[in-house]
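Take a look at the structure below.
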Amino acid sequence: MDALSSNADNNNQEKSEQNIKQQLSVLKGIIESIKSPVFSVDKEFKYTSFNKEHAIIMKLLYNAKIELNNNMLDYMTVGKDHEKAKLNLSKALKGENIIEEAFSGEELLSRLYFEVTHNPIYDHDNKIIGVAVMAKDITIRKKAEVKLQTSEKCYRRLFESAKDGILILDTLTGKIVDVNPFIKKMLGYSHEELIDKELWEIGAFKNISASKEAFIELQSKEYIRFENMPLETKEGKLINVEFISNVYLVDDKKVIQCNIRDITERIIANEQLLIAKVKAEESDRLKTAFLHNVSHEIRTPLNAIVGFSGFLNNPDLSAEKRKNFTDIILQSSDQLLSIIDDIIRIASIESGQEIIQENEININLICNLLKEQFLPQSINKNITFNLKTILPDDEAIIITDSTKIIQILTNLIVNALKFTQQGYITFGYMVKDSHLEFYVEDSGIGIPLNMQDEIFKRFRQVETTDTRNFGGSGLGLSISKAYVEMLGGKMRLTSELNKGSVFYFTIPYKKVNLKKLPDIPNIKGLHFEFKKPKTLLIAEDEDSNFMLLQELLSDMGISIIRAVNGIEAVELCKSNPQINLVLMDIKMPEMDGYEATMQIKEFKPDLYIIAQTAYSTEADKNKAFACGCSDFMSKPLKRDLLLSKINEQLLK
Ligand code: ADP
């Protein structure tokens with residue numbers, strides 16, 4: 001080789017070395033410019049190149065200060081990382097191109113995700129001389145994916161566990177693409193029966209045209225809501241649902257989510273609320289009407305009493321008029337008393353104070369007495385009044401609460417008289433198995449069908465307040481019904497408008513086999529002739545009440561002593577052994593009648609004491625008996641009854 005050619009050779013070599021250097025620095029520049037870790041190793045895993053990013057990562061992960069020609073694996077101090085790197089590098093050295101995801105660091109704190117590619121490096125002869133590794137940081141994408149997966153899981157959980165039915169539909173076709181378990185249970189269809197069907201293909205949305213229309217509206221408005229829609233289950237049962245559909249995007253694709261809520265319970269609750277509201281309003285209305293009625297019913301007789309009593313003072317009043325006015329006053333007083341009694345009775349029933357007091361009674365006797373009592377009124381109205389008793393007297397004695405039976409029959413007869421203008425009233429009883437069935441039948445105005453249950457409720461009357469022709473508080477039937485039920489029976493009625501009514505009630509037929517019948521008390525034509533002089537103690541603090549008693553008992557030949565309180569009553573009984581009978585007021589100053597009776601009974605156990613009181617409930621009566629009273633009369637005292645009781649005792 002000559003010098004020239006050797007020079008040229010040298011020049012060429014220099015140039016190519018320069019070229020190589022230039023290419024190397026270009027490559028280095030490229031590698032450095034990549035914002036992901038990049039490195040290469042030879043067949044012994046020694047670094048042949050790496051960029052800054054890789055150096056940083058190695059420092060971060062293994063606290064390593066890496067250098068060229070050093071074995072990369074030596075830096076990897078974490079066992080599993082070392083193994084993994086060795087495996088991947090070895091695979092690549094065998095010609096595999098490997099792309100895999102890897103991560104490092106703690107999951108919730110410093111985790112970094114990479115997409116790592118291992119590619120073999122070939123020389124001119126196509127021999128593998130090393131591996132190029134590039135780790136692309138995919139942390140942001142990965143974290144977003146994880147987030148999406150988590151939210152999808154949450155959504156799925158919600159979807160699966162929702163207590164509403166959820167259907168997911170394809171917006172274009174309207175076909176069901178997903179259903180949650182609740183809707184399957186609600187409608188009774190399986191997953192397969194629902195998926196890929198159009199809404200109107202399943203029975204639930206049978207009204208095809210309406211469903212299609214709704215679907216079209218939903219497509220355009222992207223929201224639709226039906227507040228109360230009937231859906232049919234697979235078994236053909238209709239359930240009321242609230243149906244809400246929304247259109248929303250999933251991966252650029254529109255889907256429809258239908259939320260379906262069974263509102264059966266909500267509807268029932270609403271209905272119940274409405275019923276309760278109507279009832280409350282009704283009860284409010286009834287109470288107002290009742291107050292009006294009561295006010296009217298009390299003021300009417302009071303008006304007569306006050307008005308006509310004033311006239312009685314007039315000395316020029318003719319005897320006939322005086323009698324007329326007195327009759328009106330007495331009649332009005334009875335009317336007034338009856339409404340007050342009704343109010344007290346209903347209050348007593350409602351507060352649970354009403355009790356049954358059974359005694360032996362002859363029902364024929366009771367019926368006859370009632371007939372006698374009401375016959376005059378029916379004659380006045382030109383109405384035939386009949387009584388039908390079917391049992392012979394010795395089989396008509398039963399055990400029951402006679403006061404209540406009399407009260408029930410009285411209420412029914414009074415009503416029959418009130419609501420009948422012509423024709424007849426028949427009452428009586430029949431034997432039905434182990435029961436007696438009483439009835440009161442009339443040919444009166446009758447009761448419309450829709451009111452036949454209502455009138456047994458408190459304050460209910462067929463007529464409204466404004467147009468009332470008949471008086472009354474609207475309590476009689478509810479009291480009667482309550483009494484019948486307390487006695488172990490039932491009450492019912494049949495009635496036809498303008499033809500008449502029959503009220504029935506049953507009571508247990510508890511028969512008593514008595515041969516001798518109690519005498520019918522003679523409450524008329526009271527006449528007294530006492531063989532020995534009789535003395536009566538009247539314990540009464542109110543002067544007017546005492547005067548009334550004095551007046552009632554005048555002409556009877558009885559000497560009367562008065563005590564103005566309980567203490568005096570006890571004293572007087574002690575100092576006057578001739579006292580045959582005591583009329584004891586209960587509410588008195590110093591000592592009440594209960595206490596006075598108890599004290600008197602201690603030294604005079606046989607003395608007959610009649611409690612006479614303005615208290616009138618069963619509880620008051622029982623208390624008086626418990627204190628030793630032998631009888632009980634509530635004020636206002638009925639003259640005939642008072643005289644018959646006194647007569648009965650003093651004649652002994
Ligand atoms: P009152 O008679 O005081 O109104 P009741 O409770 O006894 O109260 O009766 C309630 C209502 O039932 C009466 O107002 C009347 O409308 C109706 N009713 C009761 N008995 C009869 C009857 N025999 N004939 C027609 N209507 C009746």
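Both counts, for ligands and for their atoms, begin at 1 and track the order of listing.
Proximity of N411 to ligand 1 is not established, as no heavy-atom distance is less than 4.0 Å. Residue contact annotation: F503 has a non-hydrogen atom under 4.0 Å from ligand 1. Using 4.0 Å as the threshold, S480 has no heavy atom nearer than that to any atom of ligand 1. Judged by the shortest distance from any of its heavy atoms, S501 lies inside the 4.0 Å radius around the atoms of ligand 1. Every heavy atom of M451 sits 4.0 Å or more from the atoms of ligand 1.
For S478, no nitrogen or oxygen atom sits less than 3.5 Å from a nitrogen or oxygen atom of ligand 1, counting backbone and side chain alike. Between I445 and ligand 1, no pair of N/O atoms sits closer than 3.5 Å.
Residues satisfying the side chain to side chain donor-acceptor pair (under 3.5 Å) test with K499, not counting sequence neighbours, are E496. Residues passing the side chain to side chain donor-acceptor pair (under 3.5 Å) test with N228 are N240, sequence neighbours excluded.
If you look at V462 next to ligand 1, the close heavy atoms, those under 4.0 Å, come from the backbone and the side chain alike.
Counting the atoms of ligand 1 from 1 in the order shown, those under 4.0 Å from a heavy atom of R460 are 10 (C), 11 (C).
From S333, atom OG reaches atom CG of L302 across 9.0 Å, with rounding to the nearest 0.5 Å.
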TODO: Apply salt bridge (charged side-chain N to carboxylate O under 4.0 Å, His left out) to the pair R345 and E354, showing each step before the final yes or no.
DONE: CA-CA 8 Å; R345 274 186 206 115; E354 204 64 41; over 6 Å; no
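The pair K587-D592 does not meet the salt-bridge criterion, since no charged nitrogen lies less than 4.0 angstrom from a carboxylate oxygen.
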